[in-house]
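For reference, the structure is listed below as structure tokens.
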Amino acid sequence: MTIGVKKVSLTRTTRDQIFLPAIFEGLLTTAKHFFKNTLTPGMGDIETIRYGDPDVDVKDYYPDRFRGVHRLMYREDGSVRCVACMCCSTVCPANCIAIEAEDRNDDREKAPLSFVIDELKCVVCGFCVEACPCDAIRMDTKEHMQPTETRAEAVLGKVDLMSRGGPSVAVQGGVSPDYRAEAPKADPRFSHDPR
Ligand code: SF4
Ligand code: SF4
């Protein structure tokens with residue numbers, strides 16, 4: 001089979017090139033939603049999350065699958081679960097995980113000598129969690145990355161990541177219970193399933 005090349009012309013009209021019509025169309029859409037939401041009777045009763053309101057004595061709600069700041073899990077003996085297989089750093093589309101491996105001294109596995117995530121580069125896709133074969137990295141901290149003034153503050157190392165961690169119930173290299181089974185359930189104030 002011969003693979004050919006199909007040339008596609010990119011025709012830009014004057015209207016496309018000056019951008020103004022598109023800008024006004026966007027503003028018109030915004031204005032339509034603004035007046036609809038403010039003038040339609042009953043629209044003020046829509047239930048929303050009062051995020052960050054200090055007067056509301058309700059803990060901020062996060063969906064079960066909210067992807068927060070990363071954490072590294074550890075084994076029963078307190079050592080890091082990570083075996084430095086590099087699956088997470090390989091799959092990461094933002095290339096923001098850097099791992100340096102060392103021997104674990106048990107003749108079988110490796111461990112991360114250093115494990116660094118640049119949270120400013122992270123696009124919060126969760127691929128690293130999905131790729132990990134031994135439940136060593138999670139994003140279930142329900143914690144936002146804090147605002148930082150320098151990039152260095154947003155680069156989390158092994159100690160930072162393990163300080164958020166906890167013992168994992170997963171069987172290293174085997175079938176294990178679903179850790180999400182014990183996760184907090186959806187906020188009862190909302191009848192819809194947030195997932
Ligand atoms: S969440 Fe995505 S972008 Fe962030 S570290 Fe994991 S794989 Fe990389
Ligand atoms: S966190 Fe998981 S996927 Fe990443 S290197 Fe460690 S064991 Fe491999």
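Positions are given from 1, in the same order as the sequence printed here. Side-chain atoms are counted along with the backbone in the values below, which use heavy atoms only and exclude waters and symmetry mates. When a ligand or atom number is given, it counts from 1 through the structure's own listing order.
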Q: State the atoms of ligand 2, each with its element, that fall below the 4.0 Å cut-off from a heavy-atom position in C85.
A: 3 (S), 5 (S), 7 (S), 8 (Fe)
**Q.** For I97, the ligand 1 atoms whose distance to one of its heavy atoms is below 4.0 Å
**A.** 5 (S)
Q | Region of A131 engaging ligand 2 - heavy atom pairs below 4.0 Å | A | neither
Q | Residue of the set L161, V69, I99 for which side chain to side chain contact (heavy atoms under 4.5 Å, CB included) holds with I117 | A | L161
Q: Go through ligand 2 atom by atom and flag the ones less than 4.0 Å from a non-hydrogen atom of C88.
A: 1 (S), 3 (S), 4 (Fe), 5 (S)
Q) What atoms of ligand 2 come closer than 4.0 angstrom to any heavy atom of C134? A) 7 (S)
Q) Only one of S114, P112, S163 clears side chain to side chain contact (heavy atoms under 4.5 Å, CB included) with K158; which? A) P112
Q) How far does OG1 of T148 sit from CD of E119, to the nearest 0.5 angstrom? A) 10.0 Å
Q) Under 2.8 Å from atom 2 (Fe) of ligand 1, which protein atoms of type N, O or S occur, listed by chain and number? A) C125 SG
**Q.** Ligand-residue contact atoms, ligand 2 with C87, heavy atoms, under 4.0 Å
**A.** 3 (S)
Q) Can L156 and F115 be said to form a side-chain contact (heavy atoms from CB on, under 4.5 Å), step by step? A) CA-CA 8 Å; L156 303 183; F115 194 113; over 6 Å; no
Q | Pairwise distance NZ(K110) to CZ(R104) - rounded to 0.5 angstrom | A | 11.0 Å
Q | Donor-acceptor contact below 3.5 Å, side chain E153 vs main chain E149 | A | yes
Q. Hey, which atoms in ligand 2 end up nearer than 4.0 Å to a heavy atom of I99?
A. 5 (S)
Q | Set of side chain to side chain donor-acceptor pair (under 3.5 Å) partners for E102, sequence neighbours left out | A | none
Q: Verify the neighbour count for atom CD of E76: are there more than 12 heavy atoms of other residues, nucleotides or ligands below 6.0 Å?
A: no
(Q) Using 2.8 Å as the threshold, say whether any N, O or S atom from C82 sits that close to atom 4 (Fe) of ligand 2. (A) no
Q.
Distance under 4.0 Å to a non-hydrogen atom of M139: what atoms of ligand 1 satisfy this?
A. 1 (S)
Q: For ligand 1, indicate whether the residue H70 contacts it via side chain, backbone, both or neither (heavy-atom separation under 4.0 Å).
A: side chain
(Q) Between V124 and M145, is the side-chain contact (heavy atoms from CB on, under 4.5 Å) condition met? List the steps. (A) CA-CA 11 Å; V124 203; M145 188 61 202; over 6 Å; no
Q: Among R71, R67, R164, find the residue that satisfies the salt bridge (Lys or Arg N to Asp or Glu O under 4.0 Å) test when tested with E143.
A: R164
Q: Any chance you could pull the hydrophobic cluster mates of F127, using side-chain heavy atoms under 4.5 angstrom and chaining through other members?
A: V91
(Q) Test of understanding: given a 4.0 Å heavy-atom threshold, classify the contact between R81 and ligand 2 as side chain, backbone, both, or neither. (A) neither
Q) Does the side chain of R81 come within less than 4.5 Å of C132's, by heavy atoms? A) no
Q) Does P133 approach ligand 2 within less than 4.0 angstrom via side chain, backbone, both or neither, non-hydrogen atoms only? A) side chain
Q) For V155, which fellow cluster members are found when Ile, Leu, Val, Met, Phe, Trp and Tyr are connected by side-chain heavy-atom distances below 4.5 angstrom, either directly or through intermediates? A) V116
Q. Any idea which atoms of ligand 2 are less than 4.0 Å away from a heavy-atom of V83?
A. 6 (Fe), 7 (S)
**Q.** Residue and atom name of the nearest protein heavy atom (relative to atom 2 (Fe) of ligand 2), distance in Å to one decimal
**A.** C132 SG, 2.4 Å
